[in-house]
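Here is the structure we will look at.
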2 protein chains.
Amino acid sequence: MTLKKLDKKPEEAREGELSLSECLLRRPGFLLNKSAIRIKEAYEERLAPLRLAGKHFGVLLVLEEKGSITQHEIGKCVYVDRTTIVGIIDDLEKSGMVERKEHPTDRRSHAVYLTAKGKEALAKAHHLVSAVDKQFFSGLSAKEQKELMRILRKLVVTHYSSTKESERGEG
Amino acid sequence: MTLKKLDKKPEEAREGELSLSECLLRRPGFLLNKSAIRIKEAYEERLAPLRLAGKHFGVLLVLEEKGSITQHEIGKCVYVDRTTIVGIIDDLEKSGMVERKEHPTDRRSHAVYLTAKGKEALAKAHHLVSAVDKQFFSGLSAKEQKELMRILRKLVVTHYSSTKESERGEG
DNA sequence: AGTGATAATCAGTAATACTGATTATCAGCA
DNA sequence: TGCTGATAATCAGTATTACTGATTATCACT
């Protein structure tokens with residue numbers, strides 16, 4: 001309907017209303033996509049001083065949790081393609097945060113370890129992402145934040161637990 | 001948590017537990033990212049027969065809601081870059097679902113219209129995406145689905161309503 | 001008329017992750 | 001013991017996606 005478009009006056013305030021259209025706010029795909037993009041941007045902005053992107057942080061997290069594991073296992077944890085993991089580990093190794101070592105029982109595999117530098121960066125990163133989370137969810141009540149996390153978790157668990165490897169997306 | 005696949009021993013059952021690591025399930029960025037990817041995959045799989053990707057559907061939706069608007073306005077609605085909109089409209093025009101016409105009052109702008117074919121496809125698409133939504137959320141209770149949508153919507157509104165144009169992400 | 005801003009477009013670029021092939025290794029079996 | 005199929009890591013090439021910056025036409029204001 002509206003073809004008046006964008007003039008210049010106080011319309012600009014109303015432009016906000018035009019921007020978020022009702023039809024899209026009802027679409028789960030739109031909401032998930034846009035919130036995922038926004039939080040990712042926030043993470044990467046804050047993690048940039050540590051030379052970490054979101055994908056690197058995720059890998060560091062699972063290494064912290066599980067200790068030394070193979071690249072293949074990392075890929076399964078973060079649901080990232082085998083070939084993509086290579087690049088992520090390359091990045092982290094270049095910046096000295098992880099090391100590839102010999103696997104004790106399988107010479108095909110690499111055992112990936114967190115270095116002292118990696119642990120240090122991870123400690124800082126934990127603080128930074130916590131701050132991002134807090135800010136990102138600041139428009140929600142504590143109860144809403146909890147509910148959102150609970151429901152999203154349930155959603156992800158159901159969609160990723162019974163998955164065949166071949167069906168995986170990116171990371 | 002069963003990622004059984006690979007080998008055969010009972011170890012492999014435990015490997016499933018390894019897959020969805022607790023540390024990631026606590027991360028809002030991970031949860032949002034993975035659920036966004038999954039639902040996008042589902043949409044695109046279902047919409048493929050109509051020759052529509054998610055980005056096309058979003059544009060058709062706002063055209064349906066707002067009638068003929070300019071490409072610039074479409075971009076603001078779906079939060080997609082001006083140059084990216086060109087390509088999306090190109091696609092839709094090639095497949096005959098929209099038309100670029102002269103703008104009645106501004107010869108710089110294009111007034112983008114849904115064609116009959118576009119409306120037809122959109123009607124089908126509505127059904128398909130509804131089915132996807134239903135399936136995607138089938139692991140949640142009705143109440144949880146509603147809560148999730150409500151909270152996500154609140155989140156997106158707060159993060160996108162006061163946004164300067166320059167800060168936009170993709171689509 | 002002149003100046004700055006805007007709408008659409010295009011070319012080039014960068015980031016991302018995938019497919020398929022390759023090498024080295026492992027595990028099972030004859 | 002040696003063969004065969006599967007697996008881990010890797011690389012090259014490709015596809016997708018969206019961005020930056022420049023360009024052209026047009027508009028709005030003075």
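Just so it is clear: chains get the letters A, B, ... in the order the sequence lines come, proteins before strands, and each one is counted from 1.
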### Task
Could you check whether B/Thr83 gets within reach of a base, just the sugar-phosphate, or nothing at all, counting any heavy atom under 4.0 Å?
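The residue B/Thr83 makes base contact.
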For [X] and [N], give me the distance from atom [atom1] to atom [atom2], rounded to whole Å.
X        : N      : atom1 : atom2 : answer
B/Arg82  : D/dG21 : CZ    : C1'   : 8 Å
A/Lys76  : D/dA9  : NZ    : C1'   : 15 Å
B/Glu93  : C/dT9  : CD    : C1'   : 13 Å
B/Ile85  : D/dT20 : CD1   : C1'   : 17 Å
B/Glu102 : D/dC27 : CD    : P     : 11 Å
A/Glu41  : C/dT16 : CD    : P     : 13 Å
A/Asp91  : C/dT16 : CG    : P     : 9 Å
A/His72  : D/dT10 : NE2   : P     : 13 Å

Proximal nucleotide (of [options]) relative to the [X] side chain:
X        : options                : result
A/Arg107 : D/dG21, C/dC26, D/dT10 : C/dC26
B/Asp106 : D/dA9, D/dC27, C/dT9   : D/dC27
B/Arg100 : C/dC18, C/dA7, C/dT9   : C/dT9
B/Thr70  : C/dT9, C/dA7, D/dT10   : C/dA7
A/Lys55  : C/dC18, D/dT26, C/dT16 : C/dT16

### Query
Pick the nucleotide of DNA chain D nearest each of A/Asp90 and B/Ala53; which residue has the one closer to the 5' end?
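Between the two, 5'-proximity favours A/Asp90.
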#### Entry: Phosphate-side-chain proximity, B/His103 and C/dA8, N/O vs OP1/OP2 below 4.0 Å
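Checking C/dA8 against B/His103, no side-chain N or O comes under 4.0 Å of OP1 or OP2.
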### Message
OP1 or OP2 of D/dC19 versus the side-chain N and O atoms of B/Thr84: is any pair under 4.0 Å?
### Response
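Indeed, a polar side-chain atom of B/Thr84 lies that close.
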### Message
Using the side-chain contact (heavy atoms from CB on, under 4.5 Å) criterion, which residues pair with A/Glu144? Sequence neighbours excluded.
### Response
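Testing A/Glu144 for side-chain contact (heavy atoms from CB on, under 4.5 Å), a comparison that skips the adjacent residues, returns A/Leu140, A/Ser141, B/Arg150, B/Ile151, B/Lys154.
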### Message
Any carboxylate oxygen within less than 4.0 angstrom of a Lys/Arg side-chain nitrogen, looking at A/Arg26 and A/Glu22?
### Response
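The answer is yes: the pair qualifies as a salt bridge.
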### Query
Is B/Asp133 salt-bridged to A/Arg27, going by a charged N under 4.0 Å from an acidic O?
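Counted as a salt bridge, because a side-chain N and a carboxylate O are separated by less than 4.0 Å.
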### Message
By nearest heavy atom, map A/Thr105 and B/Val86 onto DNA chain C; which one lands nearer the 5' end?
### Response
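The residue closer to the strand's 5' end, by nearest nucleotide, is B/Val86.
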### Query
Sequence neighbours excluded, which residues qualify as salt bridge (charged side-chain N to carboxylate O under 4.0 Å, His left out) partners of A/Glu99?
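If we apply the salt bridge (charged side-chain N to carboxylate O under 4.0 Å, His left out) test to A/Glu99, skipping adjacent residues, the hits are A/Lys101.
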### Query
Are B/Arg38 and A/Tyr79 linked by a side-chain donor-acceptor pair shorter than 3.5 Å?
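A/Tyr79 and B/Arg38 do not have a side-chain donor-acceptor pair below 3.5 Å.
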### N/O donor-acceptor pair, side chain B/Arg108 with base C/dT6, under 3.5 angstrom
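Pair found.
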